[in-house]
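A short worksheet on the structure shown next.
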Amino acid sequence: MQPDIIITASLPPFLYEPLKLSYRCHDYVKGDDKPGLLKAHGAHIRGLVQGGGTVTPTALLDALPALEIISVFGVGYDGVPVAYCKSRGLQVTNTPDVLTDDVADVALGLILMTGRGFVRLNRFVHAGDWPKRGAELTTKLGGQKVGILGLGRIGKAIAARCVAMGMKIAYTGRKAQHVPYEFVPDLKSLAAAVDFLVVACPGGEATRNIVNAEVLAALGKKGTLINIARGSIVDESALTAALAAGVIKGAGLDVFADEPNIPSTLLAMENAVLLPHVGSATRETRQAMGDLCKANLDSWFSEKKVLTLIAELS
Ligand code: 8YV
């Protein structure tokens, strides 16, 4: 008999359709009667599929006593209660590696869009202003310093791209690594030393609002904040205030605290380039993420092995 699984995020058809062929899928997102769904099927649900940004409450997991695995369609699993999963012996898998390059491309894009003023210049041309006056001069990126918060797989891919543009790299994180980049032990000193501060660390309680007013003040007028990781890592009201008061030069953001809602004050900031969380949003990468998300379930239910168990559980 096909295993029962519960779907707690809205999934693309290229993942949902194959899942429906292999599993009895219970849609917790579209289902109107959620308590009814849990009452009828909770006892025999063995797998859960969620998105990278989905928050999974322990109360929901309590209602799934037969659950064996959570397969995250995304690399970030900050919405998964990992300690709880560990105590219950649940497998938790994600989709690392396959999205690294695309997310790093977005970080580089945001550096180019903010640093070289490409978004402003695009508006300038569309507005018919070019025949009226010359384009503004911006700042050369080669030689500027990029500080990376979180030098994991994505952070390293961002560093490689910035090196290719002649930029200098420093980073902070839990520990120094064997890499040819300068390690700065604390975030505030890193912010003070760089032109671009790039947020590339995991979200979750340990990193909530660590990019705060103090860090932004250290980044200062010379500095631009780039975030491709999680909105929760940056204190969004402090960021909006810093942008409004010219405390920092600008921001390039792909992620926000309460997606898809962005405070109107932040939306209004001319010195911020805003994207709708598109780090992994290419057809190729989303397909690869979908394939890996399903492969983890398939491998667990056929061989009791998973392909990408999260670090805390391995
Ligand atoms: C996706 C992400 O938007 O991988 C992640 O953690 O944030 C993004 O790649 C999301 O996971 C899709 O569910």
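Counting starts at 1 for both ligands and their atoms, following the listed order. Model, not experiment: these values are computed from the prediction.
The closest donor-acceptor contact from the side chain of Asp254 to the backbone of His277 lies under 3.5 Å.
Within the 4.5 Å cutoff, the side chain of Leu110 has no heavy atoms near those of the Thr224 side chain. Side-chain atoms of Tyr28 and Lys34, non-hydrogen and from C-beta on, do get closer than 4.5 Å to each other.
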Using a 3.5 Å cut-off on N/O to N/O, what pairs does ligand 1 make with the protein? A line per pair would be great.
from     : atom 1 : to     : atom 2 : distance (Å)
ligand 1 : 3 (O)  : Arg286 : NH2    : 3.2
ligand 1 : 4 (O)  : Val75  : N      : 2.7
ligand 1 : 6 (O)  : Val75  : N      : 3.4
ligand 1 : 6 (O)  : Gly76  : N      : 2.8
ligand 1 : 6 (O)  : Arg230 : NH2    : 2.8
ligand 1 : 7 (O)  : Arg230 : NH1    : 2.8
ligand 1 : 7 (O)  : Arg230 : NH2    : 3.4
ligand 1 : 7 (O)  : His277 : NE2    : 2.9
ligand 1 : 9 (O)  : Ser280 : OG     : 2.6
ligand 1 : 11 (O) : Gly52  : N      : 3.0
ligand 1 : 11 (O) : Phe73  : O      : 3.0
ligand 1 : 13 (O) : Gly52  : N      : 3.2
ligand 1 : 13 (O) : Phe73  : O      : 2.9

Got a list of side-chain donor-acceptor pairs under 3.5 Å for residues 62-76, not counting sequence neighbours?
from  : atom 1 : to     : atom 2 : distance (Å)
Asp62 : OD1    : Tyr84  : OH     : 2.7
Glu68 : OE1    : Trp300 : NE1    : 2.9
Glu68 : OE1    : Lys304 : NZ     : 3.4
Glu68 : OE2    : Arg46  : NE     : 2.6
Glu68 : OE2    : Arg46  : NH2    : 3.2
Ser71 : OG     : Thr93  : OG1    : 3.4
Ser71 : OG     : Cys293 : O      : 2.8

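With sequence neighbours excluded, the residues forming a side chain to side chain contact (heavy atoms under 4.5 Å, CB included) with Lys20 are Tyr16, Glu17, Cys25, listed by chain and number. For the salt bridge (Lys or Arg N to Asp or Glu O under 4.0 Å) test, residues two or more places apart in sequence or in another chain that qualify with Asp27 are Lys30.
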